[in-house]
**Student:** 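After the structure tokens below, expect a handful of questions from me.
Chain A is the first sequence line, chain B the second, and so forth, proteins listed ahead of strands; every chain is numbered from 1. Hydrogens, waters and symmetry mates play no part in the numbers below; they use all other heavy atoms, side chains included.
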Protein chains: 2
Amino acid sequence: MSDLPIKPLRIDAAANYIDAIYRLTEGRDEAATTNALAEELGITSAGVSIMIKRLAAQGLVDLTPYEGVKLTAEGLRRALRIIRRHRILEIFLVNILGFGWHETHPRARALERVIDDAFEDRMDEILGHPTRCPHGNPIPTRDGQLLPLTDVALTSVEPGTSGTISRVTTDDADELKYLSSLGLALDLPVRLVEIAPFDGPVAADLNGRTVHLGPRLADSIRINVHENARGAARREAAG
Amino acid sequence: MSDLPIKPLRIDAAANYIDAIYRLTEGRDEAATTNALAEELGITSAGVSIMIKRLAAQGLVDLTPYEGVKLTAEGLRRALRIIRRHRILEIFLVNILGFGWHETHPRARALERVIDDAFEDRMDEILGHPTRCPHGNPIPTRDGQLLPLTDVALTSVEPGTSGTISRVTTDDADELKYLSSLGLALDLPVRLVEIAPFDGPVAADLNGRTVHLGPRLADSIRINVHENARGAARREAAG
DNA sequence: CCGCTGATTTAAGTCAACTTAAAATTTCCT
DNA sequence: AGGAAATTTTAAGTTGACTTAAATCAGCGG
């Protein structure tokens, strides 16, 4: 009649921070600032300040006071374990449970900190070892390897450039829902038509139909440029 | 980039208590004592004493000081919601994820307090609206109905009585593992051969083979007695 | 290079859910 | 019924993860 006491009733808060720091520093090489973390985690900067000191003491982050934090090798290892779990869960929620790609994020977030390795492995196997999440983000391997991304922002290429939708970088449910209502999905062919000036709308040819997106939303769309594309990417992929 | 803040970093402790109280009072009509709860939850009786007062203030339990607690109607409703979630999760873990029946309990326990109604409904649907968990316990309906059990303890029938294994009431992984290693599974035909005196071993014919079990373990096996059984049940089903 | 602004850190307090130790209550035994 | 033993409750302290308010620091504009 006895089970595991489920002793720690509080969820490992460190994982929350590690995870947030990873998201904030992903790609760009800068440190995550206290304020940015506070915003991301929805708590005050004072709280963050205290907590990151504890993380630093545990060797999970490198802390430069009044500067910000970066993950240490160990911190990064942990972050990638969580990211892997998160993304596999997202695929699981979509492929097995039948949720839409806009319904996965908070659920995966809640689940990722209670499942164990065996659970992760079963999902991975059932799903056929997926390599990316429903939004196109690559899934780190168990030992923390992450495929380098070759995609670029839709808004970073010359008008006329065509490619394939590789990734969507927003987590926002409403935005994702709207995008799929436009018929947008991974691996669809897309061609940038025009970017209106002064933060104007972005026109793109999506699988034959022309859609118009606000600049912020367009920015979250990543594409792999076709080999024979007419225009060239203006800059490298970001975040 | 923002998600739900996952604000309450602490898991709803009340659910833990409700759940434990249900398990302790299931079947028998007595109140759950402070000590029993403390044992079940792995905390001190002092802590339980404080907490159940809070639960009482919330109208979830009826508290008689120095006596114990019983669930109120509302408390029972909540307990049954958790139990339902738990048992559906167990089926899910076995049927979809491929875990053994001894590997489900702690995992379902961890998961049951982070999934939402939609998740529960998807599982229920995918599983074809199962009516019992892998250990044979009935699954409450969404509105808290629970099928009355008609099974009795294997150790409560006259030697010679035959029936079908309906349920196993232990949660212990090792015990469950051992039972399945003996070839025991739900719905198998079984016949009580003999109960040795002085808390002696219990001999049973299990699907043709005779197995010998310690009295405690045998006690956790429930059977539905065959209509044409030679012996009659000695007492009603318990716990 | 002085001072102001905004970001960051420290200090001190809160809250839930515990803990240990002591006090109160019930139960059991003769 | 009387008193020891067991159980339960109260009191007071601890812990983790916050909070608000005050103090400190970086960085730049003039």
Side-chain angles (χ1 to χ4, degrees), chain A residues 3-21 24-25 28 30-70 75 78 82 109-110 113-114, chain B residues 2-21 24-25 28 30-70 75 78 109-110 113-114:
Chain A
D3 1 302
L4 305 190
I6 312 194
K7 246 314 172 41
L9 263 201
R10 30 177 51 101
I11 301 171
D12 181 18
N16 245 347
Y17 282 82
I18 297 291
D19 200 17
I21 294 165
L24 290 175
T25 56
R28 41 196 161 294
E30 306 136 26
T33 66
T34 301
N35 255 11
L37 271 172
E39 164 111 10
E40 181 78 14
L41 294 165
I43 60 181
T44 63
S45 339
V48 171
S49 203
I50 295 164
M51 196 61 181
I52 56 182
K53 244 189 308 182
R54 249 180 269 170
L55 297 184
Q58 287 183 44
L60 297 172
V61 300
D62 282 330
L63 170 62
T64 319
Y66 293 98
E67 251 279 311
V69 283
K70 282 184 178 183
R78 291 225 203 155
I82 300 171
R109 200 64 112 63
R113 39 212 74 198
V114 301
Chain B
S2 74
D3 0 303
L4 306 189
I6 312 194
K7 246 315 172 40
L9 262 200
R10 31 178 49 102
I11 302 171
D12 180 18
N16 245 347
Y17 281 81
I18 297 292
D19 200 18
I21 294 165
L24 289 174
T25 57
R28 40 198 162 293
E30 307 134 26
T33 67
T34 303
N35 256 10
L37 271 170
E39 164 111 9
E40 182 79 13
L41 294 165
I43 61 182
T44 62
S45 339
V48 172
S49 203
I50 296 164
M51 196 62 182
I52 57 181
K53 243 189 308 182
R54 250 180 269 169
L55 296 184
Q58 288 184 43
L60 297 173
V61 300
D62 282 331
L63 171 60
T64 319
Y66 293 98
E67 251 279 311
V69 283
K70 281 183 181 186
R78 292 225 202 153
R109 199 63 112 63
R113 40 212 71 198
V114 300

**Student:** Using whole Å, what does the distance between atom P of nucleotide D:dC18 and atom CD1 of A:Ile50 come to?
**Tutor:** 10 Å
**Student:** For C:dA16, take OP1 and OP2 only and decide whether either is under 4.0 Å from a side-chain N or O of B:Tyr17.
**Tutor:** no
**Student:** Could you run down the sub-3.5 Å N/O contacts of the protein with nucleotides 22-29 of chain C?
**Tutor:**
unit_1, atom_1, unit_2, atom_2, d
C:dT25, O4', B:Tyr66, OH, 3.3

**Student:** Provide, to the nearest angstrom, the distance between the CD1 atom belonging to A:Ile52 and the C1' atom belonging to C:dT8.
**Tutor:** 9 Å
**Student:** Can you tell if the side chain of B:Arg109 reaches within under 4.5 Å of the side chain of B:Asn16, non-hydrogen atoms only?
**Tutor:** yes
**Student:** Decide yes or no for A:Val61 and A:Ile21: does some side-chain heavy atom of the first lie under 4.5 Å from some side-chain heavy atom of the second?
**Tutor:** yes
**Student:** A:Glu39 has an atom CD; how far is it from atom C1' of C:dA7, in whole Å?
**Tutor:** 14 Å
**Student:** Among D:dT9, C:dT9, D:dC18, find the nucleotide with the atom closest to the side chain of A:Ala46.
**Tutor:** C:dT9
**Student:** What's the CG-C1' distance between A:Leu41 and D:dT19, to the nearest Å?
**Tutor:** 15 Å
**Student:** Send over the distance from B:Met51 CE to C:dC15 C1', rounded to a whole Å.
**Tutor:** 13 Å
**Student:** Specify the separation, in whole Å, of atom CG of A:Leu37 and atom P of D:dC18.
**Tutor:** 12 Å
**Student:** Got B:Arg113 and A:Val114 here, is their nearest side-chain heavy-atom distance under 4.5 Å?
**Tutor:** no
**Student:** Please report the closest heavy-atom contact between B:Gly68 and B:Ala31, naming both atoms and the distance.
**Tutor:** C-CB, 3.8 Å
**Student:** Which nucleotide in the list D:dT19, D:dT8, C:dT19 gets nearest to the side chain of B:Thr34?
**Tutor:** D:dT8
**Student:** Please list, chain by chain and in numerical order, all residues satisfying side chain to side chain donor-acceptor pair (under 3.5 Å) with A:Thr25, sequence neighbours excluded.
**Tutor:** none
**Student:** Would you say B:Met51 and B:Leu37 make side-chain contact, with heavy atoms under 4.5 Å?
**Tutor:** no
**Student:** So what does B:Thr44 touch, heavy atoms closer than 4.0 Å: a base, only the sugar-phosphate, or nothing?
**Tutor:** base
**Student:** Calculate the interatomic distance between A:Ile43 atom CD1 and D:dG16 atom C1'; express it in whole Å.
**Tutor:** 12 Å
**Student:** Nearest heavy-atom pair of A:Thr34 and A:Ser45: which atoms, and what distance?
**Tutor:** CG2-O, 3.4 Å
**Student:** So which of residues 53-64 of chain B are in contact with DNA chain D, with a heavy-atom cut-off of under 4.0 Å?
**Tutor:** B:Lys53
**Student:** Taking the minimum atom-to-atom distance to the side chain of A:Asn35, which one of C:dT8, D:dT10, D:dT19 wins?
**Tutor:** C:dT8
**Student:** Looking only at heavy atoms, what is the nearest atom pair of A:Glu30 and A:Lys70, with distance?
**Tutor:** C-CE, 3.9 Å
